[in-house]
Amino acid sequence: MDATAVPETTTRPREPSAAAGTKYVYFFGSGRADGNKEMKAELGGKGAGLAEMTNAGLPVPPGFTIQTEACREYMRAGRVSAEVDRQMLDALHRLEDLEGRKLGDAASPLLVSVRSGAQASMPGMMDTILNLGLNDESVLALARRSDNPRFAYDSYRRLMQMFGSIVMEVPKQAFEEIFEAKKKKRRAKLDTDLDAQALQEIVTAYKKVYRKHARRDFPQSPLEQLTLARNAVFHSWDNDRARHYRRMNQISDDLGTAVNVQAMVFGNLGETSGTGVSFTRNPSTGAKEFYGEFLMNAQGEDVVAGIRTPLHISEMKKILPGVYEQLREITQRLEKHYRDMQDMEFTVMEGRLYMLQTRNGKRTGMAAVRIALDMVEEGLITPDEAIFRVDPGQLYDLLMPRLKEEKDTESKLLTTGLPASPGAAVGHLVFSADDAVAMAGPAKKTPVVLVRAETTPEDIHGMEVAAGILTARGGMTSHAAVVTRGMGKCCVAGAGEIHVDEKSRSMTVRGVVLREGDWISLDGGTGRVFRGKLDTVPASPDDPGLMKILSWAEPYRKMGVRANADIPRDARQARAFGAEGIGLCRTEHMFFAEDRIPHMRAMILAQNEKERRRELAKLLPMQRADFIGVFEAMDGFPVTIRLLDPPLHEFLPRREELMVEIARLEMRRRKSGKLADLRRLLARVEDLHEFNPMLGHRGCRLGITYPEISEMQARAIFEAAVAVARKGAKVHPEVMIPLVGGPKEMAHQKKIIQRVAEEVFAEKKQRVDYMVGTMIELPRACLLADDIAEEAEFFSFGTNDLTQTTYGFSRDDINRFLPSYVEQGIVKQDPFGALDRKGVGQLVRWATERGRAANPKLKVGICGEHGGEPSSIEFFHSVGLNYVSCSPFRVLTARLAAAQAAARDKLKMETGRTK
Ligand code: ADP
Ligand code: MG
Ligand code: MG
């Protein structure tokens with residue numbers, strides 16, 4: 001490729017002509033840019049920002065952006081068209097004219113950076129290459145012109161390092177070894193302690209390493225460097241890391257990235273030069289303060305790479321007061337211009353400031369609330385806009401205590417796992433559920449953190465008393481993760497560096513041994529694990545700022561928000577967060593309690609109906625008392641109670657445990673009543689054994705084979721309702737039949753419930769309003785929704801089971817293959833996390849429409865985990881459901897997400913805060 005081959009008469013990029021067709025390259029420089037901030041799809045976030053800042057008259061080094069269409073072309077054909085090359089060369093010449101220098105010239109070299117930049121910011125894609133255009137000759141010119149050979153060779157070695165590792169995939173380590181060896185030899189503490197001579201020697205050594213790994217020499221032609229770097233950016237769009245990131249964040253593979261080529265400015269020119277990042281507001285607290293960090297005599301990523309400890313931005317006031325004031329003024333202008341908090345990158349070259357990037361800054365939930373409110377107060381945005389400035393998923397942050405970040409916090413870091421459930425936990429280490437209960441004490445006064453290789457349902461009692469959970473294995477949908485999120489409890493999962501030794505009650509992390517009783521601190525928001533006892537910042541669920549935002553958002557909300565709560569305590573919690581009823585009260589939770597399980601077991605072991613009824617009669621008053629508590633807590637709001645759902649064997653001890661126990665007693669050869677009991681129990685456990693309990697004898701199938709169970713539960717519900725109504729309170733029980741597959745099952749159970757209701761009302765001489773409906777969690781129920789709706793007064797989608805049965809994926813086993821499915825793009829994301837709109841969502845829509853057609857008064861809600869997930873909530877809004885129900889700790893999230901979905905409809909508002 002030869003630059004001189006391009007005829008001078010071709011159209012300049014500034015003058016888009018019909019004949020030229022696609023405009024691939026957008027120029028920016030000397031106060032004017034072809035693009036602007038609206039063009040993120042073409043220019044990427046970075047390119048659009050550079051154009052916008054240029055147009056605003058800010059000091060931005062000039063350059064050009066090769067738009068995403070060129071990347072899509074590259075993906076299709078494996079190379080770009082000649083037209084892209086032609087437009088790129090045109091723009092390069094224009095840049096050279098503007099700067100009065102030529103790329104990599106031996107006398108007066110122009111150097112550039114090559115920066116990737118997609119529409120959404122995407123870590124995992126190609127890194128930036130700086131100082132491009134340097135070669136053996138231009139480095140001499142740079143040294144001469146700057147009168148600073150140290151700077152010239154530092155820039156050259158940086159180019160070789162970045163270009164080598166990024167474009168040619170030379171292992172980074174190969175370069176680092178050389179660099180570190182040189183530092184050691186020269187007894188240099190910091191990179192900046194190496195002189196020109198040392199850096200020159202490093203360049204020589206780098207060339208050898210480069211040739212060895214790349215099997216060719218480092219390209220001396222500046223244009224070849226540029227072309228290879230550009231293509232590497234396009235190529236990196238499809239690398240594994242980038243694809244993985246897109247999967248996790250639901251970004252389409254088809255978008256492509258832009259490439260920015262920009263004249264270099266140097267922060268490594270000496271003591272009046274430097275580089276840094278700054279924010280217009282504090283991204284963790286939201287406080288309106290100029291915030292940021294910088295390093296003098298440094299380039300590019302040095303600030304974030306942790307090579308030297310950066311200085312707080314306020315220090316700049318002392319070092320370069322003029323630049324400090326200018327930067328402050330610019331950042332304020334940018335915030336006004338973008339009407340959102342900005343996160344910026346800048347470089348100072350010999351006392352002159354240059355802006356290199358601006359974007360809407362990421363922030364914590366707390367900061368989001370504060371910034372939105374402040375900006376309304378400052379007149380920067382309207383309350384309607386403020387509604388969208390807070391990410392509903394982030395509200396969870398406000399409900400959880402957080403670790404207080406201090407200067408030395410990072411130094412206590414032990415390891416990092418997955419941020420499975422947010423919040424902070426500080427407590428004494430324990431290694432088993434029983435020890436957790438013992439150490440926590442009866443009043444749970446002593447905080448404990450339970451560490452397990454992974455958790456199982458048998459650990460529940462320990463998880464309940466623990467302040468937080470840490471596991472060595474398991475992912476974001478592991479048992480530990482799912483259960484703790486439901487409990488609103490901090491969890492770090494899958495911290496693979498931890499070796500747990502339950503026997504010796506200790507764990508080892510990178511050679512550090514921690515024992516039972518030692519203090520440990522977890523950050524569930526980031527997955528970090530610290531040794532010792534860190535301080536925490538308490539939760540602020542009734543934060544007045546949040547309440548204000550909600551007061552602006554909620555008038556738009558169309559769907560109700562209920563909570564899933566099984567016991568009065570959770571119901572009260574849900575009310576405190578603003579739940580408008582209970583969408584799912586699981587009655588089996590009540591049977592698992594220690595004082596009840598013996599009766600439950602006796603009921604299951606009963607030989608005949610009469611015996612069974614006798615045991616059920618003992619359970620009746622207990623259930624009634626629970627329901628009274630829940631009704632009272634809900635204070636007139638509807639309460640949906642689901643009849644017994646899990647297979648009966650879940651209430652019995654495990655087969656293996658029984659066999660061990662029996663064998664032990666047999667060894668002692670003592671005839672005891674206990675042995676006979678155990679044998680009987682084992683026989684029953686074997687009786688009840690199922691090959692696939694998930695699809696087995698459960699749900700309404702239990703109530704149909706043992707109608708007396710449904711009868712008892714109905715009686716407990718109505719007696720409780722009447723008792724509460726007697727005291728003058730309002731009650732609205734909604735009795736829900738689980739796992740219905742067609743109208744006959746529904747009719748069968750409804751008949752029992754209605755009969756018992758009438759009996760109770762007659763006995764007590766008092767009626768209450770109630771409804772009978774069904775949980776929709778089987779595809780067949782969706783398909784027959786119209787027939788079922790003739791029997792049911794309400795539907796509640798159980799989207800956990802509906803997802804399992806639609807996909808045929810078991811939620812408990814999905815981790816074996818899900819990572820690989822996501823990696824290969826077979827599924828976009830965990831369908832148990834965000835609702836699968838295409839499949840499961842289609843069933844939901846169909847069932848809702850058909851159900852309502854058959855029964856116009858049908859009330860429709862959803863009570864799966866998806867009821868608390870913002871994108872699923874948006875979908876449920878679009879289907880027109882009456883309410884969503886989620887765990888108490890998700891109620892605020894659901895309220896805001898449902899309000900945003902409705903407001904978006906009404907205001908036709910753009911969504912998405914951070915780009
Ligand atoms: P990222 O997307 O990872 O932030 P950037 O393209 O912004 O990557 O660049 C990485 C670093 O290089 C940033 O610190 C940026 O300020 C710096 N940088 C990029 N281009 C230039 C340039 N033309 N002159 C000086 N520094 C640059
Ligand atoms: Mg950047
Ligand atoms: Mg279910």
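For ligands, and for the atoms within them, numbers begin at 1 and follow the listed sequence. What you see is a predicted model; the values in this text were computed from it and never measured.
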ask   = For atom 3 (O) of ligand 1, what's the nearest protein heavy atom and its distance?
value = E301 OE2, 3.9 Å
Within the 6.0 Å centroid threshold, strictly below: F28 and F64 = no
query = In chain order, what residues pass the salt bridge (charged side-chain N to carboxylate O under 4.0 Å, His left out) check against D217, with sequence neighbours excluded?
reply = R211
note = In this structure, CE of M296 is separated from CE of M316 (nearest 0.5 Å) by 6.5 Å
inquiry  = For atom 21 (C) of ligand 1, what is the closest protein heavy atom, and at what distance to 0.1 Å?
reply    = S113 OG, 3.5 Å
task = Mind listing the protein N/O/S atoms less than 2.8 Å away from the Mg ion (ligand 2)? Waters don't count.
result = E345 OE1, E345 OE2, Q357 OE1
message = Ring centres under 6.0 Å, that's the criterion: do Y354 and F346 meet it?
response = no
task = Taking the six-membered ring of W237 (Phe, Tyr or Trp), confirm whether the NZ or CZ of R243 is under 6.0 Å from its centre and within 45° of its axis.
result = no
message = In this structure, does ligand 1 have an atom that sits under 4.0 Å from one of the heavy atoms of Q299?
response = no
request  = Classify the contact between Q262 and ligand 1 as side chain, backbone, both or neither, using a heavy-atom distance cut-off of under 4.0 Å.
outcome  = both
query = What residue pairs, at least two apart or across chains, pass salt bridge (Lys or Arg N to Asp or Glu O under 4.0 Å) with a residue in residues 268-281?
reply = R281-E335, R281-E378
message = Quick one: does any side-chain atom of K183 pair with a main-chain N or O of L190 as donor and acceptor, under 3.5 Å?
response = no
Location of contacts on L130 toward ligand 1, heavy atoms closer than 4.0 Å = side chain
remark   = In this structure, atom 24 (N) of ligand 1 is nearest to the protein heavy atom V265 N, 3.2 Å
key: Side chains of S138 and N135, donor plus acceptor under 3.5 Å   = yes
task = Using a 4.0 Å heavy-atom cut-off, say whether Q357 meets ligand 1 through its side chain, its backbone, both or neither.
result = side chain
request  = Return a yes/no value for P61: is any of its N or O atoms, backbone included, closer than 3.5 angstrom to an N or O of ligand 1?
outcome  = no
Of all pairs that satisfy salt bridge (Lys or Arg N to Asp or Glu O under 4.0 Å), the ones with a partner from residues 129-153, not counting sequence neighbours = D136-K207
query = For atom 8 (O) of ligand 1, which candidate among L132, N260, T128, V60 provides the closest heavy atom?
reply = T128
request  = Over all heavy atoms of both residues, which pair between G104 and P222 is shortest? Give the atoms and the distance, please.
outcome  = CA-CG, 3.7 Å
key: Shortest protein contact, atom 4 (O) of ligand 1 (heavy atom only)   = E345 OE2, 3.2 Å
task = Please could you name the atoms of ligand 1 that K46 approaches to less than 4.0 Å, counting only its heavy atoms?
result = 1 (P), 2 (O), 5 (P), 6 (O), 7 (O), 8 (O)
ask   = Can you tell me if T68 uses its side chain to pair, donor with acceptor, with the backbone of A41 under 3.5 Å?
value = yes
key: Taking atom 19 (C) of ligand 1 as the reference point, the nearest protein heavy atom with its distance   = R115 NE, 3.3 Å
query = Are a donor atom and an acceptor atom from the side chains of N282 and E289 found within less than 3.5 Å of each other?
reply = yes
message = Would you say the rings of Y324 and F290 are close, in the sense that their centroids are separated by under 6.0 Å?
response = yes
ask   = Which protein non-hydrogen atom lies closest to atom 26 (N) of ligand 1, naming both residue and atom, and how far is it?
value = L356 CD1, 3.4 Å
remark   = Ranked by distance from atom 17 (C) of ligand 1, the top protein heavy atom is G300 CA, 3.9 Å
